[in-house]
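A note on names: the letters A, B, ... follow the listed sequences, proteins ahead of strands, and every chain is numbered from 1.
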Amino acid sequence: MREPAKSKAARTIEVINRLAKAYPEAQCELNFANPLELLIATILSARCTDRQVNVVTARLFKKYRSPDDYAQSDPSDLELDLKSLGLYRNKAKSIQSCCRRLIELHGGQVPRTAAELMQLGGVGRKTANVVLGNAFNINDGIAVDTHVARLAGRLGLSAHKLPEKIEADLKKLVPQEKWTLFSHWLIWHGRRRCYARHPDCLHCEVNDLCPSAFRFD
DNA sequence: CTCCCGATAT
DNA sequence: ATATCAGGAG
C-alpha cells in the first residue's frame with residue numbers, strides 16, 4: 001500500500017524545513033550598507049547576476065552617496081558607470097527618476113510600504129519586496145524573481161507564470177514570518193542546485209518532494 | 001506583447 | 001551560437 005500523496009500545504013512546509021537546514025546562512029547576496037544602497041542594487045540586479053552587481057556597486061556607492069548625487073549626475077556618466085551590467089540605459093534612467101521622486105515625495109528617505117516604493121521609477125513588486133524584507137525586515141510580500149518563479153513551478157507550488165500570481169499562491173502556502181527567508185531559500189537552491197538549464201536532481205535535498213525531479217535528463 | 005543589453009557558462 | 005542572470009516600462 002502506497003502512502004497517500006501529501007497535501008501541497010504539508011509538502012511546502014517540508015520543503016521549507018529541508019531548505020532551511022540545507023541553507024542556514026541564506027540571506028540577501030547583494031552588498032549594501034543602508035536602504036538606499038539596497039534599493040539601487042536591486043534596481044541594477046534586473047536580468048544580471050548579483051556578483052556583477054556587487055562589482056559595480058563597490059565603486060558606485062563611493063561615488064554616489066545620496067539621492068541628490070544620482071539625481072544631479074550627468075545621465076551619460078551614470079550610464080558609463082552601469083555599462084557592464086547590461087540594460088544600462090534603462091537602469092540609469094530608472095535610478096535617476098527613482099531618486100528624483102525619492103527627494104520630492106519622501107525627503108530623500110526610502111519609504112517603507114510597497115505602494116510608495118512602487119511609485120518610484122524602475123521599482124516593481126519584486127524590487128519593493130526585496131527592499132521591505134531585507135532593509136526593513138518587513139514581511140509584506142514574497143519577492144518572486146527568475147529563481148523563485150522557476151522553482152515554484154518545478155516544485156508544483158504554483159502553476160502560474162505571472163510573478164504576481166505566483167506570489168499570491170506562495171503567500172497562501174508559506175507562514176508570513178518566513179516570507180523573506182523563503183525567497184532566499186529558493187534563490188540559494190536555484191543558484192546552487194536547481195539550475196535553470198541542468199538541475200542537479202541527483203543531489204537535490206528535496207527531490208523526493210518535487211514532482212519535476214529527474215525530468216530534465 | 002516587445003524592448004532593453006553586457007558578462008558568463010555551456 | 002545560445003541560454004541565462006534577484007525586472008520593469010511602454
Side-chain angles (χ1 to χ4, degrees), chain A residues 19 23 25-32 35-61 75-76 78-102 110 114-136 138-154 158 160-167 170 174 179-200 216-217:
Chain A
L19 295 183
Y23 309 111
E25 71 281 29
Q27 59 174 318
C28 183
E29 295 187 88
L30 294 168
N31 294 335
F32 67 98
L36 177 66
E37 289 190 357
L38 180 58
L39 176 59
I40 301 297
T42 309
I43 290 172
L44 294 180
S45 70
R47 304 305 298 169
C48 92
T49 61
D50 280 15
R51 200 165 65 84
Q52 297 280 92
V53 175
N54 289 334
V55 169
V56 166
T57 55
R59 48 185 177 75
L60 191 75
F61 292 161
S76 53
L78 186 54
E79 284 182 9
L80 277 180
D81 290 324
L82 307 180
K83 189 134 175 50
S84 65
L85 296 176
L87 310 181
Y88 58 92
R89 291 187 185 89
N90 289 352
K91 289 174 182 177
K93 204 166 295 179
S94 290
I95 286 175
Q96 291 204 305
S97 72
C98 175
C99 286
R100 279 188 216 108
R101 293 190 212 177
L102 219 44
V110 179
E116 291 172 308
L117 283 165
M118 288 169 63
Q119 289 178 341
L120 306 170
V123 179
R125 273 206 77 76
K126 177 255 169 181
T127 297
N129 285 336
V130 169
V131 170
L132 290 175
N134 297 283
F136 300 128
I138 297 172
N139 281 306
D140 185 60
I142 297 177
V144 177
D145 72 333
T146 180
H147 298 291
V148 174
R150 183 178 72 253
L151 269 67
R154 286 181 177 173
S158 175
H160 289 106
K161 284 187 178 177
L162 292 176
E164 315 89 75
K165 294 197 172 186
I166 295 171
E167 182 182 358
L170 295 177
V174 179
W179 282 357
T180 300
L181 266 175
F182 184 75
S183 279
H184 292 318
W185 289 323
L186 290 195
I187 290 167
W188 277 51
H189 194 57
R191 287 175 175 157
R192 289 159 179 77
R193 190 82 69 207
C194 193
Y195 313 112
R197 298 202 207 181
H198 302 294
D200 185 9
F216 302 95
D217 302 334

Pairs: protein N or O with nucleotides 1-3 of chain C N or O, under 3.5 Å:
unit_1 : atom_1 : unit_2   : atom_2 : d
C:dA3  : N3     : A:Arg197 : NH2    : 2.3

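When side chains are defined from C-beta on, A:Lys126 does not count as touching A:Pro163, because their heavy atoms never get closer than 4.5 Å.
Between the P atoms of B:dT10 and C:dA6, the separation comes to 14 Å (whole Å).
No hydrogens or angles considered: nothing links the side chains of A:His184 and A:Tyr23 as a donor-acceptor pair under 3.5 Å.
If you take CG on A:Asp145 and CD1 on A:Ile187, they are separated by 4.0 Å, rounding to the nearest 0.5 Å. Here CD1 of A:Ile40 is found 4.5 Å from CD1 of A:Ile95. Values are rounded to the nearest 0.5 Å.
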Protein-to-nucleotide contact annotation, 5' to 3' order, nucleotides 5-10 of chain C [B base; S sugar-phosphate only; - none; under 4.0 Å, heavy atom]: BBBSS-
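To the nearest angstrom, P of B:dG6 lies 15 Å from CG of A:Leu44. Rounded to whole angstrom, the span from the OH atom of A:Tyr88 across to the C1' atom of B:dC5 amounts to 8 Å. With rounding to whole Å, A:Leu80 atom CG is found 14 Å from B:dG6 atom C1'. Between the CZ atom of A:Arg89 and the P atom of B:dC5 there is a distance of 5 Å, rounded to whole Å.
Shortest non-hydrogen contact noted between A:Asn31 and A:Ala41 is O-CB, 4.4 Å. In terms of heavy-atom proximity, A:Cys98 sits nearest to A:Gly121 at CB-O, 3.4 Å. Scanning both residues, A:Ser158 and A:Lys165, for their nearest heavy atoms gives OG-O, 4.4 Å.
We find that A:Glu25 and A:Arg192 are not joined by a salt bridge, their nearest charged nitrogen and carboxylate oxygen being 4.0 Å or further apart.
Across all strands shown, A:Lys83 has heavy atoms under 4.0 Å from sugar-phosphate atoms exclusively, and none from any base.
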